[in-house]
Amino acid sequence: MSDQIPDIFLSPYDSEANEKDVYALWEKSGYFNPDTCVEKGVTDADAETFSVVLPPPNVTGVLHIGHAYEDSLQDAFVRYHRMNGKKTLWVPGTDSAAIATQARVEKNIRKEENKTRHDLGREELVRRVSEFAKNSEDTILSQVRRVGASLDWSRYAYTLDEKRTLAVSTAFKRMYDAGLIYRGNRIVNWDPKGQTTISDDEVVHEERKGVLYTFKYSSDFPIAISTTRPETKVGDVAVAVHPDDTRYQEFIGKEYDLTFCDVPLHITVVADDGVDMEFGTGALGVTPAHSHIDWEIAEKNDLPRPQVINEYAKMMVSGRLENLKVDAAREAVVTWLKEENLLEKEEEVDQNISTSERTGAVIEPLPKLQWWVAVNKPFTIEHSEIPGIASGSEATLVEVMRASVESESVSMPQERFRKTYFHWIDNLRDWCISRQIWFGHRIPVWYKGDEIHCGVTTPEGEGWTQEEDVLDTWFSSALWTFSTLGWPEETADLKTFHPTAFMSPAYEILPLWVSRMILMSAFHLGQVPFKTVMIHGLVRDKSGRKFSKSLNNGIDPIEMIEKYGADALRMGLLVGTAIGNDLRFDESKVKGYKHFANKLWNITRFILTNIEEVPQKPDTLGAEDQEILDNLQTMVREVSGDIDKFQLYLAAEKAYHYVWHELADKILEESKPILNGEDTDAKNARQYVLYECLTTSLKILHPFMPFVTETIWQHLPEKDSEMLMVAKWPG
RNA sequence: GGGCGAUUAGCUCAGUUGGUAGAGCAGUUCGUUUACACCGAAAAGGUCGGGGGUUCAAGUCCCUCAUCGCCCACCA
């Protein structure tokens, strides 16, 4: 019956020729949308739900191999659950990534027009950045489709769109009203190059050589101090010593007036047990405005906190240091110390320098008026579904974050990430949420004289000016699981799909994002954002290095898809990678799975060529036929079990192994004599069995290799579902 | 400084509660060209980073050392 084989099977599988059509077919069917699945009867109206929100890629760039991995992983789960009859929703979206995007556009403007953002003005810059974001968005979304992600595009969200902006303002206002958001002066990480505050998480520590100088402020001051930043000493107000340090007991409480490098100082000697007696001279010069620990010591002892370095990293004092950059000021101070014969010791030390992840600039700690989220301040939680946190009780954000994971309301199957999470929570400090840039969610606060108004819209009346700062991009990302479902409106989606089923981010954003989603969801909904967090590793290059622009070691997933097909890329990334471990990208592996797609293609061709007509189930089956079907069932059970346990890498490998080395190598070979033989009953029975093996294999492989399996499915003579994507999972 | 990992065949990685070491790729030999050369068959390849311990039994549990990596951190 080979003349009835669809022509398409006569040449090798061509991924390029089929993938786009198949994706268009899926999109047209509407089955990515769970509501359509219910309408068309493929999903029961009261079916269990399975919902996932896509970790939104930044609109800055193009799809990289890490996205491709993450998307393949989620898509496999989503497709599996959809085929299992669950009401399945996967919500797509993109992130404005405020700082990164604005920085990128500013750089382009500087290069092409030699202008700064101040030349353009706030409105024009925001317009330009939005325009750039829109273009990038189109690129990245079409690339997400190429991977085969079965996302419900009708629910697409962007962190800066109207609905999400409302969610952000509402969230801010509610937390402000609850007293959890406050404005306060604190030492922040100031990036003098980017002219903005950056969060602790955006600071990278670099090991560098520095010089530790030991000296006295003046010849009549009794205690020598050590520092690597002598220029900051013009801002000193105290010398702190350990309360038990016998060397300095007699000085504690004494005050001194002196002149240091042309600057008059008033120094009080205070005791603080945070001081390390072993380090340097055991005495710490306290510079409140330019060091975190010093700020706290000054606060405790009620000391002034004069600022001596400005936003451009220049000195703010008069005298010989006036207007010098910090580096120059440092040299000037050292020269002065030498002249005055005050310098006792210079030693080279290793030190950690804080630098900006984004601009590479050395961070200047500065006191600034910023907006903060208080993580250790109690608030009344009106409604709580989190075990251990009763509705109406008092709790802190740290407590609800802890309870969510401790109770396994959020399960983290990988023990080591639970440890990391708790370690992070235990050391959590208030979260600085204001950023001095223009692109992003502008803080919903207005000022008029001494009046302050927080709300979702501009207040009535004349004379109100809005806060200039925008929010940390993670503030809006943290609302993602519910802002995408329509919150603050009480939508049907929110009721049906929240908490979401699972989230699969890379481990590098566990603290930045995962914990903050738990925080926001607990505060605003009294729920966890997701039931399971399956943290995955990073895709690295062949030598184990992270992909980066400077190394130019990037792998373009689209290029891989064009060369080997999306299915091959997905398998290459998923098989043999225990979730949570890093993987080194191996092109030869991808190539191997391209061959596998073709193998499946040829298996189909063989089986279709050898069946007379649509095979019916025979009344009885011989022992061998029965055994084949039994083994098939065993494989199905194992694959399903592995997916349920989040062991995709095992499931995919088992399915692969079965199809190639069991179905093709053994079953087909052993079937040849039967199919060519004279025994009609045996022949019919075997035809039926092979067709079963084929359709079941296609279903089992579909979550991993959606394109080739759906392409084959569309050309099968008989099937139990119009589309493989919504066919019933076997077993 | 604190925390978390990794180390298994030439390469990339699996190995679920301790029970005779697995896969893919590469390499070797042979075969087949009427499902598939994007193929098949067979063989080869590892003292599971080093050392110590628990156990009838350890890649798996414990201790220790080494190398590599990641995250966190206000030692001036």
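Below, chains carry the letters A, B, ... as their sequence lines are ordered, and counting in each starts from 1.
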Using a strict heavy-atom distance below 4.0 Å, which residues from residues 300-308 of chain A are in contact with RNA chain B? none

When the aromatic ring centroids of Y69(A) and H536(A) are compared, is their separation below 6.0 Å? yes

To the nearest angstrom, the CG-C1' distance between N581(A) and U7(B) comes to 12 Å

Pairwise P distance for G1(B) and A23(B), with rounding to whole Å: 44 Å

Hey, are Y593(A) and N598(A) close enough side-chain-wise for a donor-acceptor pair under 3.5 Å? no

Between atom CD in E669(A) and atom P in C36(B), what is the gap in whole Å? 11 Å

Could you list all N or O pairs between the protein and nucleotides 23-26 of chain B that sit under 3.5 Å apart?
{"from": "A23(B)", "atom 1": "O2'", "to": "E653(A)", "atom 2": "OE2", "distance (Å)": "3.4"}
{"from": "G24(B)", "atom 1": "OP1", "to": "H661(A)", "atom 2": "NE2", "distance (Å)": "3.2"}

Rounded to whole Å, NZ of K599(A) lies from C1' of G40(B) at a distance of 8 Å

Any donor-acceptor pair under 3.5 Å linking the side-chain atoms of T287(A) with those of D236(A)? yes

Separation of C11(B) C1' from E587(A) CD (nearest whole Å): 14 Å

Under the 6.0 Å and 45° cation-pi test, does R186(A) pair with W372(A)? yes

What's touching nucleotides 59-63 of chain B from the protein side, N or O pairs under 3.5 Å?
none

Strand RNA chain B as a dot-bracket string - pairs counted if Watson-Crick or G-U with both distances under 3.5 Å, | where the partner lies in another strand: (((((((..((((.....[..))))..(((((....).))))......(((((..]....))))))))))))....

L510(A) near the nucleic acid: base, sugar-phosphate alone, or nothing, with a heavy-atom cut-off under 4.0 Å? nothing

All side-chain contact (heavy atoms from CB on, under 4.5 Å) counterparts of R605(A), not counting sequence neighbours: F9(A), N602(A), T609(A)

Whole-Å distance, I535(A) CD1 to C70(B) C1', equals 13 Å

For RNA chain B, which residues of residues 280-296 of chain A approach it to below 4.0 angstrom with any heavy atom? L284(A), H292(A), I293(A)

Describe the nucleic acid contact of K672(A) in one word from base, sugar-phosphate, nothing, applying a heavy-atom distance below 4.0 Å. base

With sugar-phosphate meaning primed atoms plus P, OP1 and OP2, does Y649(A) contact a base, only sugar-phosphate, or nothing at under 4.0 Å between heavy atoms? sugar-phosphate

Return the value, rounded to whole Å, for the distance between atom CZ of R686(A) and atom C1' of A35(B). 16 Å

Do the charged groups of E669(A) and K666(A) touch, with an N to O distance under 4.0 Å? no

Side-chain donor-acceptor pair under 3.5 Å between E587(A) and Y564(A), yes or no? yes

Give a yes or no answer on whether the side chain of K233(A) reaches the backbone of G285(A) with a donor-acceptor pair at less than 3.5 Å. yes

